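Only heavy atoms go into these numbers, but all of them, side chains included; no hydrogens, no water, no symmetry mates. Nothing here was measured: the structure is a model prediction, and the numbers come from that model.
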Amino acid sequence: MPAPHADPVIAIASAPGRGAVGMVRISGHHLARFAQAWLGQTLQARHATYLPFPDASGQAIDHGLALYFPAPHSFTGEDVLELQAHGGPVVLQRVLARAMEVAATVGPHGEILPRLRLARPGEFSERAFLNGKMDLAQAEAIADLIDASTEAAARSAAASLSGAFSVEVNRLRDALVHLRMLVEATLDFPEEELDFLQQSDAEGQLQRLRAQLARLQGEARQGALLRDGLKVVIAGQPNAGKSSLLNALAGAELAIVTPIAGTTRDTIGQTIQIEGVPLHVVDTAGLRDSDEPVESLGIARAWGAIGSADVLLFVHDLERHASLAYQQADQDIAQRLAAALPARVPVLHVWNKSDAQSAVPDGPPRDANILQISAKTGAGLDALRKQLLAAAGWQADAGARFSARQRHVQALGRVDLHLAQAQAQLAQAAQALDLLAEELRLAHKALGEITGAFSADDLLGVIFSSFCIGK
């Protein structure tokens with residue numbers, strides 16, 4: 001882990017643009033001395049002080065609040081100074097610039113003040129992590145909370161920020177460390193002839209560990225879905241009702257709908273939510289052969305969007321299904337979709353215009369992923385929404401107790417892989433203890449990637465505190 005930074009940093013911490021209040025944040029060391037030199041007052045810790053922010057001539061740039069948080073009782077674990085002024089961009093830039101000027105001078109008693117530099121993106125949270133104020137999963141949850149696009153996503157991110165996800169990871173880590181401790185003791189002290197593994201039910205511990213991991217994996221997948229959402233691409237022939245379906249799902253007239261084939265020339269996207277899960281719905285140009293340059297470009301973009309879909313809605317036209325030419329065109333599209341989409345991407349076949357034609361035709365495709373709707377009247381849309389969530393793997397009853405990222409899900413997958421290998425090695429008993437220990441070590445390392453807290457010293461500390469080695 002890199003060492004904490006020594007140089008103080010400064011940045012405008014409020015959102016860009018105009019607002020009633022804006023904030024400039026400084027983090028570093030000896031900031032009480034810096035505040036005294038610039039603001040002319042000794043700031044009381046964790047109390048708001050109303051005062052002017054003077055420029056080089058002593059005139060007030062603005063009047064506002066100064067809050068000083070001495071280390072280690074601050075967000076970053078360092079001294080933190082927060083300056084709240086009126087939220088005009090020019091005002092905040094002047095406050096920031098003057099702070100940097102003051103930091104480059106000598107203080108009233110000849111002392112050298114700490115020089116400030118502009119903070120990198122995310123550096124305040126990075127310092128909080130490096131200084132042990134939060135773990136890596138909590139630091140990531142800050143960004144997830146800010147970026148949350150639904151209320152459910154915001155709640156789950158806030159839970160992760162408070163440590164809900166980390167608690168589960170650490171509980172799993174503790175059980176894994178205990179199992180590693182037993183295996184290492186068996187390897188290091190064979191002369192004791194103590195079968196630690198059998199006496200301690202190592203096999204049962206490993207089985208319970210994997211069951212605990214499976215539950216955590218399921219919750220992490222739910223949390224990642226709430227955070228990242230799902231890219232849903234609508235595809236099909238021209239005039240099948242794709243744009244009407246986008247408008248119906250979004251509840252707004254986002255795309256132009258006309259009887260003229262080829263109206264949609266570009267991809268049109270909108271984020272909606274279903275049960276708190278964000279869905280990024282993309283309408284595409286009708287798929288067909290075209291010599292018209294603009295439409296051809298739109299069709300090419302449509303295939304590009306299809307290739308990045310998490311779920312594909314293949315829209316069919318019930319009014320035209322009797323046409324052999326239409327059926328052949330649908331079959332051609334289906335063949336291209338099979339080649340363009342990864343096997344993991346579900347395809348939902350949506351038969352539109354049920355208000356004009358009620359019977360879904362026989363023949364392919366005939367599977368559980370067939371839905372009949374009317375984008376015009378809204379019939380069948382509730383069933384489609386439920387099917388979209390099911391295709392995403394969302395379990396409404398389970399919900400999501402915390403937010404997670406794909407890297408967390410992947411790390412837990414590696415933990416599961418190593419634990420499965422460890423279980424296979426454990427079945428071979430003493431002949432494979434070295435390999436068993438190595439698989440458990442790799443599982444521990446993968447788990448530590450989530451919180452950033454893995455260290456070999458953790459294991460040593462548990463061994464020496466739990467066993468009387470010298471006895």
Side-chain angles (χ1 to χ4, degrees), residues 1-2 125-126 129-130 132 134-141 143-144 156-157 159-161 163-187 197 200 202-228 344 393 400-428 432-463 466:
M1 180 183 297
S125 297
E126 179 188 25
F129 165 65
L130 293 175
M134 62 181 66
D135 62 36
L136 193 55
Q138 289 175 295
E140 291 172 309
D144 295 343
S156 64
S160 281
L161 179 57
F165 185 28
S166 301
V167 166
E168 296 300 323
V169 171
N170 292 335
R171 184 178 291 123
L172 190 64
R173 179 206 60 195
D174 292 343
L176 179 54
V177 167
H178 182 70
L179 184 57
R180 284 193 66 192
M181 174 183 63
L182 297 175
V183 175
E184 297 288 347
T186 304
L187 284 171
L197 300 183
S200 303
E203 183 177 359
Q205 287 190 44
L206 185 52
Q207 290 176 349
R208 289 189 292 274
L209 190 62
R210 293 197 68 191
Q212 184 180 347
L213 173 62
R215 289 192 294 271
L216 185 57
Q217 282 181 291
E219 292 182 337
R221 282 191 290 267
Q222 297 283 95
L225 184 58
L226 268 186
R227 174 190 179 272
D228 298 328
R344 61 173 178 78
R401 295 192 298 122
F402 48 76
S403 67
R405 298 186 171 199
Q406 284 303 320
R407 80 165 191 92
H408 302 149
V409 176
Q410 293 166 3
L412 291 174
R414 291 195 298 275
V415 175
D416 188 38
L417 177 63
H418 290 304
L419 290 185
Q421 294 291 338
Q423 199 164 28
Q425 301 299 340
L426 183 60
Q428 301 181 41
L433 284 183
D434 286 338
L435 296 176
L436 170 60
E438 176 63 9
E439 292 296 343
L440 292 178
R441 184 190 72 81
L442 292 173
H444 189 187
K445 181 180 178 181
L447 193 62
E449 293 175 5
I450 295 176
T451 59
F454 177 80
S455 170
D457 293 335
D458 296 343
L459 177 61
L460 294 177
V462 171
I463 291 178
S466 302

[X] vs [Y] side-chain heavy atoms within contact, under 4.5 Å:
X	Y	answer
Q425	E438	no
L419	Q423	no
I450	L412	yes
K445	H418	no
L182	Q205	yes

Which atom names give the shortest non-hydrogen contact between [X] and [Y], and what distance separates them?
X	Y	result
F402	L216	CZ-CD1, 3.8 Å
F129	G452	CZ-O, 4.1 Å
A220	V409	O-CG2, 3.8 Å
L176	A443	CD2-C, 3.8 Å

Can you tell me if [X] uses its side chain to pair, donor with acceptor, with the backbone of [Y] under 3.5 Å?
X	Y	answer
R173	H444	no
S160	S403	yes
Q138	D135	yes
H408	R405	yes
R227	S156	no

[X] [atom1] to [Y] [atom2] distance, which is reported to the nearest 0.5 Å:
X	Y	atom1	atom2	answer
L436	L440	CG	CG	4.5 Å
L209	H178	CG	NE2	11.0 Å
L130	L136	CG	CG	9.5 Å
R221	Q406	CZ	CD	10.0 Å
R414	L442	CZ	CG	10.5 Å

Got a sec, which residues hit side-chain hydrogen bond (donor to acceptor under 3.5 Å, both in side chains) with D416, two or more places apart in sequence or on another chain?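 R210.
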Within the 3.5 Å criterion, strictly below it, is a donor on T451 or S166 matched to an acceptor on the partner's side chain? no
